[in-house]
Each structure stands twice: as structure tokens, then as C-alpha cells.
Amino acid sequence: MVNSWDMAVGRAQERLAAAPALRAVADEEGREFALWGLAACAEGELGELLDPASIGPAEEARLRARLGESGREWPGGRLYRRRYWLLGDGRPGAPTAPAGPSGPTGPVGTIAVDNWTKGAGQLAVSSLYLRPDARGRGLAAAALDRVYRAATAEGLSGYRLEADWAWPRAVRYYLRRGLWVRSWKHAIGFTRMPQLPPYRVREEHGRLVLLVADRPSGAPSGEIWTPLLAAGHEGRWLRLDETAAYRQADGWVHDYARSTLALHLALAGRPLVRGPQWWAEAWRWSDGGEPEGLAHRIEQFERRRGAADDRTAVAPGTALPGAVVPGAVAGAALPGVELPGVELPAPAAAPSPAPVPRPGAVAP
């Protein structure tokens, strides 16, 4: 028996298939789509920038051998998800590929959407990729917006997607898009839901502050930005302060605010561990939640990455958890928003040097 969510997903897929900037992948184009996915993996994991059209049999074999499990194609094809080509937007100077098997003008990117919901009735997005010469034009953002509109128009709770910790450009991109962090079980999980308001993270007096947009009834038009959490440090340890607004929040905002700020901290090279007692129980938040859980998971991500090949160094632009890098906050990931005059607790004076964590722990 088909349930109402399955029917809603089908209608959302119909909306996407009818969108002018998307085109469903035909059965005979499955191999071509797989090569675009291989190009995405080569860039993300190997740092090799490739034109998918240039990948011949020998190059494909080389890449799949180097990528191993992550270079394999998704099983099941259209049974599990529907695949789409991203097309140019038709404006002067918009990117298009030469005519070929993909149609009169070829694709500039790819995206796929599962055929059933995940979690709280959400569409699952994967395979978002743009050819290098098609980037910087807002095409990926427009594709994600279309998925969101198609989902919410059919009563679904937005979408979710994942990005590997080892792909910092993708992780930073989704944060810049304002996606909330929901988990980090196997990869970094992001979401956009109607229940989650816009948020911003900015640096204020040496701390990172997470603010959410509020539109109270009866208030003048426009958004009021309310701080929820502020993260500073005491010596080498994290200090995480809650505001009254956070303590009064409920639902998804309360659940995802801490994990979202934690990822911003990690990418900014800020501490994620509040002390030895917190680190000793970091495993409790291995799927999401407290920042120590992200520190614990990043250790595992880095260990897995080092075991996969000889590139054991942290990717450029990222930092291992616990390291305090003054002034290293990435401005691109922290769009400036003026604080609305709400005072946060003042940072405490730095205490005496923190105890050394247990062997094998992340050294804050």
C-alpha cells in the first residue's frame, strides 16, 4: 500500500521533472551520469579537477581503483532515486555544453532525489555537482531551492543531504547556504526545513555567536536577529554559553543549534571540548548534538581518511578539533549580521592550564 508520503514524493518528483532548468536522466544516459559522479569524487577526495566528458575507459579504471568503495556507482538506479541534469539558465553567458547525447545543449551539472522520504518526511538529495566552468552563477543554489519548493509544496519537510568531512569546500558551501547541521554519524548531515528559521553565525568579541531570525507578530516588517548560543574559550577549552532565548526554544531549533554551531567552530579552528569530563563522554553524541561528539567523530573521519590513502594531513582550510587559531574565522562562512543589542554573558577570564586529556584524545 502506498502511503501519503510516497504519493507526495511522487508529486514532488513530477514538479522537479517539469522545472525548466532540470531534465530527468534517460535510461540510456545512466553511464554518462555515473561518470559525472566519478568526476565529483575525484575532485572531492583526490583533488583532481576533471571534465566528465574527458573520462575514457583507462581514466575511469584508474580513478575507480584509487577511490575504492567511494568510487562505486549507486546501486539500484532509478528504483531508489531519480536523477536529473542541471541545465544552463538561458541567460546570456550562461554555461551550456555542446550538443550531444544529453540533448540539444548538454548538462552543466547533476542532482539526484530519493524516491521516498527520510527522517521527518524529507526528500534526500545527493549527487549535487557542477562542472567547474559552470560554478559561481548560482545554479547549485537554484537547484536546491527548487527541491525545497517542490517538497514543501507537497507537504514534505524540506530536504536533507550529506557531505564528507574530507570535502571542506562542500561543507563550507552548505553552511553558506544557511543549512542546519542535523547529524555527523557517517558524514556531515545538513537539512533545510520549514520549521527551521534562517540563522547566521558571526564573530563578536572573540566568540562565535549563532543567531536566528525572528518575525514576532505585531513587530515592524523585517527580521529581528536573536542570539541563541555563544562559543568562546577558556584557555584551551571551549566555553559554550546559552541565552534565555535558547533555553526557551523548543523543537528542531533547540536540537540543531548546538550541532550547527559546533561545525562552524570546527571549520574555524576553535575548541570543541569543554574539559576532560566532557571528552570522556564524547561518544554519547557520536550521531549529533554536543560539540564534543563532533570532535570525537572528526577523529574517526581523519583516521578513516588516513587509512584510505597516504594523505593523512588535514585538508586545507580545516583544523583538527581543539586547536585555537586566533583570527582564523572564515569570513565566507560567517555572513555579518548586527547583534540586536541583546547582551550575552561576558567571557570568563582564562583559568589555569587545563589538565592533559587521556591518551588518544583530541588535545585541545
Side-chain angles (χ1 to χ4, degrees), residues 40-47 66-72 74 118-119 124 126 160-175 179-191 231 233 236-238 240 255-325 328 330 333 354-364:
C41 289
E43 179 178 349
E45 295 195 27
L46 307 178
R66 290 196 63 192
L67 290 165
E69 184 70 24
S70 62
R72 295 186 182 181
W74 279 67
K118 296 285 182 69
S126 60
R160 60 197 295 178
L161 53 79
E162 292 187 341
D164 198 293
W165 166 255
W167 298 19
R169 288 185 60 185
V171 172
R172 291 181 184 275
Y173 174 76
Y174 294 130
L175 286 182
L179 302 189
W180 290 74
V181 178
R182 60 175 181 82
S183 66
W184 42 65
K185 185 173 184 178
H186 302 296
I188 308 297
F190 297 90
T191 187
H233 59 87
R236 295 183 174 184
W237 301 111
L238 165 69
L240 186 62
D255 292 343
Y256 292 158
R258 299 173 91 86
S259 53
T260 300
L261 182 57
L263 184 57
H264 279 275
L265 288 170
L267 292 176
R270 301 297 185 93
L272 290 173
V273 180
R274 282 168 283 188
Q277 71 280 11
W278 286 90
W279 181 247
E281 297 193 2
W283 58 271
R284 293 181 180 275
W285 306 289
S286 292
D287 290 355
E290 299 291 347
E292 288 81 9
L294 178 58
H296 174 65
R297 188 59 78 191
I298 288 174
E299 265 202 341
Q300 297 178 334
F301 290 156
E302 292 293 336
R303 192 177 299 119
R304 182 180 68 192
R305 184 180 176 200
D309 55 34
D310 59 358
R311 297 173 297 112
T312 57
V314 180
T318 66
L320 284 173
V324 177
V325 184
V356 177
R358 61 176 174 79
V362 177

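For the side-chain hydrogen bond (donor to acceptor under 3.5 Å, both in side chains) test, residues two or more places apart in sequence or in another chain that qualify with T191 are Q122. Residues passing the ring pair (Phe, Tyr, Trp, His ring centres under 6.0 Å) test with W184, sequence neighbours excluded: none. Looking at residues two or more places apart in sequence or on another chain, you find no side-chain hydrogen bond (donor to acceptor under 3.5 Å, both in side chains) involving R160. Applying the side-chain hydrogen bond (donor to acceptor under 3.5 Å, both in side chains) criterion to K118, with sequence neighbours excluded, gives D114.
Using bins of under 30°, 30° to 60° and over 60° for the plane-to-plane angle, the ring pair H296/W279 lands in the perpendicular bin.
Inspection of the R297 and Q300 side chains reveals an N or O donor paired with an N or O acceptor under 3.5 Å. Defined by atom type and a distance below 3.5 Å, a donor-acceptor pair is missing between the side-chain atoms of W167 and E43.
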Would W285 and L294 count as a side chain to side chain contact (heavy atoms under 4.5 Å, CB included) here? Give the steps.
CA-CA 7 Å; W285 306 289; L294 178 58; over 6 Å; no

Mind running side chain to side chain contact (heavy atoms under 4.5 Å, CB included) on L263 and W165 for me, showing each step along the way?
CA-CA 10 Å; L263 184 57; W165 166 255; 4.1 Å; yes

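With contacts defined as side-chain heavy-atom distances shorter than 4.5 Å, the pair Y174/I188 does not qualify.
Side-chain atoms of T260 do not come within 3.5 Å of backbone N or O of A257 as any donor-acceptor pair. The backbone N or O of H233 lies less than 3.5 Å from no partner atom in the side chain of R270, so there is not a single donor-acceptor pair. Side-chain atoms of S259 come within 3.5 Å of backbone atoms of V181 as a donor-acceptor pair (strictly under, hydrogens ignored).
Atom NE2 of H264 and atom CG of L267 lie 8.0 Å apart (nearest 0.5 Å).
For A170 against A163, the heavy-atom pair with the smallest separation is CB-CB, 4.3 Å. Contact between R182 and L161 at its shortest, heavy atoms only, is NH2-O, 4.3 Å.
Remark: of the listed residues D164, L67, L46, L67 is the sole one forming a side-chain contact (heavy atoms from CB on, under 4.5 Å) with C41.
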Show me, pair by pair, the donor-acceptor contacts under 3.5 angstrom made by side chains of residues 271-278, not counting sequence neighbours?
from, atom 1, to, atom 2, distance (Å)
R274, NE, E292, OE2, 2.9
R274, NH2, E290, OE1, 2.8
R274, NH2, E292, OE1, 2.9

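Within the structure, salt bridge (charged side-chain N to carboxylate O under 4.0 Å, His left out) contacts touching residues 259-268 (residues at least two apart or in different chains) do not occur.
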